[in-house]
Amino acid sequence: MTVRAPAAPSSADGSALARAWRALDGSARAVVALAVALALVAGTALGAALVARPDRAVPTDTSVDAGFARDMQAHHAQAVQMSVLLRDRAQDPALRAIALDVLTAQQQQIGQFVAWLRLWDLPVAGSRPAMAWMTDEHAHAASTPGASGLAAMPGWVTPERMALLEAADGVEAERVYLALMIDHHVGGVAMAQQAAQRAGHPEVRRLAGAVITAQSREVDVLRDLLDARGGRPPGL
């Protein structure tokens with residue numbers, strides 16, 4: 001299977017990710033682009049190797065496995081977007097390094113999700129709405145009331161809150177990023193807990209468990225970093 005490295009965001013793309021990309025200088029772009037490309041390739045290869053077993057039942061389009069792969073892929077992509085934004089705005093080298101760790105780790109897992117869906121011969125976009133694979137009790141636990149689509153995901157960052165990160169700089173940008181990423185990670189853990197309990201494929205359950213462990217630990221670190229900077233900004 002040929003895996004193509006992701007291209008840089010198009011200049012015609014008006015997304016926050018594209019604007020963040022254009023704001024980076026040449027050396028920063030090179031670091032981020034290489035990290036993202038390598039992580040995606042590694043994750044895709046790993047995902048393909050781990051689920052390509054003839055004795056494993058192929059998940060259906062409406063399964064928990066497929067829903068988790070699709071929705072967590074989008075959820076992770078937003079964390080990558082925020083981390084690219086933060087690397088252009090943070091003053092603390094340690095926090096810039098954490099942002100790079102987040103974007104590479106989550107981009108690698110995105111590669112795994114992509115590989116799963118390809119091997120299962122399932123489309124990236126399913127026939128059901130986002131979060132339909134989660135139980136009603138959990139699907140709306142951390143969502144914006146009345147939200148639909150991607151915004152219904154636990155921990156999803158609204159455009160208004162993303163704009164706060166785009167507009168901030170220095171320590172203020174660090175505080176906004178930390179506050180948003182804490183909520184984002186907590187939401188991701190809630191999604192992964194459902195997959196760990198209910199997915200049919202053992203590799204899906206294993207990766208969901210890894211997400212729970214890693215992001216729960218990261219939340220503790222991020223909270224300490226936020227407290228050291230004076231806590232959450234007003235409104236977050």
Side-chain angles (χ1 to χ4, degrees), residues 39-40 42-53 55-83 101-144 147-157 180-220 222:
L40 183 64
T44 303
L46 179 62
L50 290 175
V51 301
R53 290 269 303 274
D55 59 331
R56 301 298 189 199
V58 176
T60 65
D61 184 67
T62 59
S63 65
V64 170
D65 306 65
F68 175 70
R70 288 167 175 146
D71 287 354
M72 190 59 84
Q73 185 180 162
H75 203 269
H76 275 13
Q78 191 178 56
V80 171
Q81 175 183 330
M82 289 192 289
S83 296
D101 285 345
V102 169
L103 74 89
T104 52
Q106 300 213 7
Q107 191 71 15
Q108 180 175 343
Q109 291 179 354
I110 287 172
Q112 292 182 254
F113 301 141
V114 169
W116 292 349
L117 292 168
R118 287 177 179 171
L119 287 168
W120 299 335
D121 197 25
L122 295 175
V124 173
S127 58
R128 305 173 73 194
M131 306 309 296
W133 58 276
M134 290 183 73
T135 62
D136 290 340
E137 177 186 356
H138 294 87
H140 306 291
S143 312
T144 302
S148 60
L150 297 178
M153 293 184 184
W156 188 259
V157 177
L180 295 179
M181 191 59 75
I182 288 168
D183 294 345
H184 201 266
H185 270 16
V186 170
V189 168
M191 293 168 67
Q193 286 172 335
Q194 284 278 292
Q197 295 167 9
R198 299 174 53 236
H201 201 293
E203 182 55 29
V204 177
R205 296 195 300 271
R206 187 208 64 79
L207 181 56
V211 169
I212 294 167
T213 299
Q215 294 195 181
S216 295
R217 289 174 177 170
E218 287 173 9
V219 164
D220 291 337
L222 297 177

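Any value given below was found using the heavy atoms of this structure, including those in side chains, with hydrogens, waters and symmetry copies removed. Nothing here was measured: the structure is a model prediction, and the numbers come from that model.
Taking the side chain as every heavy atom from C-beta outward, Trp133 and Asp71 approach each other to under 4.5 Å. Using a 4.5 Å heavy-atom threshold, the side chains of His184 and Met82 count as touching. Val186 places none of its side-chain heavy atoms less than 4.5 Å from the side chain of Pro154. Side-chain contact between Ser63 and His201 is absent, with no heavy atoms from C-beta onward closer than 4.5 Å. Between Val189 and Gln193, some side-chain heavy-atom pair lies under the 4.5 Å cut-off. Between Val64 and Gln194, the closest side-chain pair of non-hydrogen atoms is not below 4.5 Å. Using a 4.5 Å cut-off on side-chain heavy atoms (C-beta onward), Asp61 and Pro123 make contact.
Ile212 and Ala192 get closest at one heavy-atom pair: CG1-CB, 3.6 Å. Summarising the geometry of Val204 relative to Ala199, their closest heavy-atom pair is CG1-CB, 3.6 Å, with the distance given to 0.1 Å. Nearest heavy atom pair, residue Gly209 against residue Ala196, reads N-CB, 4.4 Å. In terms of heavy-atom proximity, Ile182 sits nearest to Leu222 at CG1-CB, 3.6 Å. In terms of heavy atoms, Ala130 sits closest to Gly149 at CB-O, 3.6 Å.
The distance from the CG atom of Leu180 to the CH2 atom of Trp156 is 12.5 Å, given to the nearest 0.5 Å. Here NE2 of His75 is found 7.0 Å from CE of Met153. Values are rounded to the nearest 0.5 Å.
With salt bridges taken as basic N to acidic carboxylate O contacts below 4.0 Å, none links Asp65 and Arg70.
The aromatic rings of Phe68 and Phe113 lie perpendicular to each other, with more than 60° between the two planes, well past the 30° mark.
Every residue two or more places apart in sequence or in another chain that forms a side chain to side chain contact (heavy atoms under 4.5 Å, CB included) with Thr213 is listed here: Arg217.
Counting non-hydrogen atoms of neighbouring residues, nucleotides and ligands closer than 6.0 angstrom, the CG atom of Asp121 reaches no more than 12 such neighbours.
No side-chain N or O of Gln107 forms a donor-acceptor pair with one of His76 less than 3.5 Å apart. For the 3.5 Å distance criterion, the side chains of Gln215 and Gln106 qualify, holding a donor opposite an acceptor.
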Task: Derivation and outcome, side chain to side chain contact (heavy atoms under 4.5 Å, CB included), residues Met181 and Ser83 - done: CA-CA 9 Å; Met181 191 59 75; Ser83 296; 3.9 Å; yes
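With hydrogens and angles disregarded, a donor-acceptor distance shorter than 3.5 Å links the side chain of Gln78 to the backbone of Val157. No donor-acceptor pair under 3.5 Å is formed between the side chain of Arg205 and the backbone N or O of Gln197.
Checking Val114, Thr104, Val211 one by one against Gln109, the side chain to side chain contact (heavy atoms under 4.5 Å, CB included) holds for a single residue, Val211.
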